[in-house]
Amino acid sequence: MPKETITPRQQDYSQWYLDIVQNADMADYAEVVRGCIVFKPTGYAIWEAIQRGLDDRIKATGHVNAYFPLLIPRSFLMKEAEHIEGFAPEVAEVTRAGGEDLAEPYVIRPTSETIIGHFYAKWVRSWRDLPLLINQWANVMRWEMRPRPFLRTAEFLWQEGHTVHATEADAERETLMILHDVYGDFMERDMAVPVIKGLKTEREKFAGGLRSYSLEAMMQDYRALQSGTSHNLGQNFARAFNITFTDQQNTIQYAWTTSWGVSTRLIGAMIMVHSDDEGLVVPPRLAPVQVVVVPIYKNDTERSSVLQAVEQVTADWAGRLRFKVDDRPNLTPGFKYNEWELKGIPVRVELGPRDVQQQNVAVARRDIPGREGKQIVPQAGLTAYLETLLTTIQQVLYDRALRFREDHTYTIQRFDELADAVERGFARCYWAGSSEDEQRIQSDLKATIRVIPLEQPGTAGTCILTGKETTQQVIFGRAY
RNA sequence: CGGGGCGUGGCGCAGACUGGUAGCGCACCGCGUUUGGGACGCGGGGGUCGUGGGUUCAAAUCCCUCCGCCCCGACCA
């Protein structure tokens with residue numbers, strides 16, 4: 001019995017991931033362009049679903065979309081000292097065009113704070129212009145040393161929101177609102193990926209920003225994936241680009257800006273959180289195809305009666321279920337079962353002569369792979385049954401991921417427990433150490449403070465390193 | 001950028017040490033039999049052996065150059 005080769009997770013997690021990407025037909029290596037990938041239709045469809053989920057929320061919270069240039073004058077990047085320091089190593093430049101060397105090279109945007117800042121300076125005059133709430137869907141480029149499909153590629157797709165506010169409090173409110181109501185809500189509800197929301201440490205915050213918040217998810221190899229970030233940029237970029245406004249008292253003030261983004265990395269998160277050794281698992285709310293129907297027949301007579309039954313059964317699915325009928329000839333049903341399992345379709349409906357006879361169908365759920373997840377269901381009421389099943393699967397995936405994270409999160413009291421904890425998951429502990437202490441831990445244990453969770457116990461404890469009394473707990477982990 | 005591996009039909013590989021003009025599996029095409037967990041038989045098509053140079057009567061094979069990709073590490077959404 002030939003089997004597609006997916007390396008088991010236990011054996012080699014990193015290879016498992018690449019096998020899933022490859023075998024589920026998500027992406028192709030762009031062999032001719034270093035560090036880039038081709039999003040194949042299956043992978044791109046996931047991105048489109050992500051875009052829809054986010055775009056709806058972004059607009060529902062009062063933002064509008066716009067688009068800024070891909071190329072940024074190099075000098076723009078220089079205007080914010082910390083920003084250029086953070087991004088310089090990974091920017092690509094265009095130095096020649098139209099057959100001649102450019103007087104000033106352009107950089108290909110690694111992010112758009114600077115060019116957007118330039119325009120915001122023109123657009124913002126009065127407090128009445130604020131808040132300015134704009135989002136853009138774009139590609140960006142960061143010349144990464146070590147690319148991996150979806151998780152880290154030289155060119156990637158994302159959305160970046162850029163807003164301007166009159167007060168620090170407004171900017172902070174925006175930053176947190178995005179974190180909770182847009183990113184958190186989307187990831188947990190649509191992607192079924194539980195996240196820990198919190199503040200980044202100084203070392204890990206956005207280059208040039210005031211403070212950064214992020215959403216961290218745990219992958220099945222216990223490593224943390226930063227799945228989204230929301231930055232309060234303070235007045236740093238307003239000063240660098242002269243974004244000012246006249247307030248009600250007729251005094252000119254620097255504005256407060258924010259930026260926030262999530263990228264195609266989310267596809268990697270989806271894969272690594274939910275998939276198994278049989279292949280990809282796509283959560284129903286995100287799935288471009290939620291239900292695949294596999295008709296079974298031996299001859300033309302059976303074929304027509306089976307396809308007729310399929311027609312009847314699926315008659316009221318449009319608008320309620322996203323589905324497709326796999327009537328490719330000359331492929332055995334068994335082959336199709338395995339293929340759709342590999343591709344992560346949440347539910348499979350099998351319909352053969354026996355089912356026509358008995359007014360049943362066989363329903364297989366992807367969250368329970370193989371025959372175990374299969375049961376016989378009457379055709380009557382099937383649509384409602386499937387809708388419920390999809391909801392159930394969505395919930396099961398979320399619960400499973402949450403339990404996994406909780407089972408692998410260790411609350412520790414002593415520093416000597418840290419090494420072992422980050423080996424097997426997240427370590428949660430009181431922390432009052434310095435950036436230098438973090439640096440040392442990163443060198444020694446390859447672990448970093450992923451986030452300072454917004455949810456804190458509210459009671460004081462002892463820092464695992466310094467022994468100081470503190471109320472702040474942090475999450476240590478190894479990161480992607 | 002350091003360490004390792006690899007470039008041969010679409011994919012995965014063998015052939016290389018010992019030079020003689022390219023082969024296997026899967027996929028693909030045709031016909032027939034099949035079809036409830038990855039079907040089978042027969043027939044067929046498809047390869048500038050990553051690039052450039054060198055050695056040789058002769059190079060996938062030996063030598064040199066360059067390019068690319070993957071993996072592992074330091075940097076990152």
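So that the names make sense, note that chain A is the first sequence line, chain B the second, and so on, each numbered from 1.
Rounding to whole angstrom units, CZ of residue A:Arg478 and P of B:rG73 are separated by 10 Å. Rounded to an integer number of Å, the gap from A:Gln226 CD to B:rC75 P is 15 Å. A straight line from CG of A:Leu445 to P of B:rG73 spans 15 Å, rounded to a whole angstrom. Residue A:Trp340 contributes atom CH2, which lies 18 Å from atom P of B:rG38 at whole-angstrom precision. Distance CZ (A:Phe335) to C1' (B:rC28): 13 Å, rounded to an integer number of Å. Between A:Lys298 atom NZ and B:rG36 atom P there is a gap of 7 Å when expressed in whole angstrom units. A straight line from CG of A:Leu351 to P of B:rU35 spans 18 Å, rounded to a whole angstrom. Regarding A:Gln442, its CD atom lies at a distance of 13 Å from the C1' atom of B:rG73, rounded to whole Å.
No hydrogens or angles were tested; on distance alone, nothing pairs the side chain of A:Glu339 with the base of B:rG38 as donor and acceptor under 3.5 Å.
Legend: residues meeting side chain to side chain contact (heavy atoms under 4.5 Å, CB included) with A:Ile108, ordered by chain and number and at least two apart, are A:Leu70, A:Leu71, A:Ala92, A:Val94, A:Met141.
Ring pair A:Tyr213/A:Trp260: centre-to-centre distance not below 6.0 Å.
Donor-acceptor pairing under 3.5 Å is lacking for the side chains of A:Asp437 and A:Trp431. Judged purely by distance below 3.5 Å, without hydrogens or angles, the side chains of A:Glu216 and A:Ser214 pair a donor atom with an acceptor atom. If you check the side chains of A:His231 and A:Ser212, you find a donor sitting under 3.5 Å from an acceptor.
For A:Thr229, no side-chain nitrogen or oxygen approaches OP1 or OP2 of B:rA77 to under 4.0 Å. Taking 4.0 angstrom as the limit, A:Arg152 places none of its side-chain polar atoms (N or O) nearer than this to OP1 or OP2 of B:rC76.
The gap from the C1' atom of B:rC75 to that of B:rC1 amounts to 11 Å, rounded to the nearest Å. Nucleotides B:rU51 and B:rG7 are separated by 11 Å at their C1' atoms, to the nearest Å. Straight-line distance between the C1' atoms of B:rC13 and B:rC6: roughly 12 Å, to the nearest whole Å.
Among the atoms of the strands shown, none is found under 4.0 Å from any heavy atom of A:Arg328. Using a 4.0 Å heavy-atom distance criterion, A:Asn299 is classed as making no nucleic acid contact. At a threshold of 4.0 angstrom between heavy atoms, the contacts of A:Thr448 with the nucleic acid are absent. No contact: A:Glu302 has no heavy atom under 4.0 Å from any strand.
Within the structure, side-chain hydrogen bond (donor to acceptor under 3.5 Å, both in side chains) contacts touching residues 356-366 of chain A (residues at least two apart or in different chains) are A:Asp276-A:Arg366, A:Arg365-A:Asp367.
Partner assigned to B:rC42 is B:rG30, using Watson-Crick or G-U wobble distances below 3.5 angstrom.
Heavy-atom distances to RNA chain B give each of A:Leu225 and A:Asp12 a nearest nucleotide, and the one nearer the 5′ end belongs to A:Asp12. Projected onto RNA chain B by closest heavy-atom contact, A:Ala362 and A:Leu151 fall at different nucleotides, the more 5' of which corresponds to A:Ala362.
A distance cut-off of 5.5 Å between ring centres, combined with a plane angle under 30°, places A:Phe156 in a stacking arrangement with the base of B:rA77.
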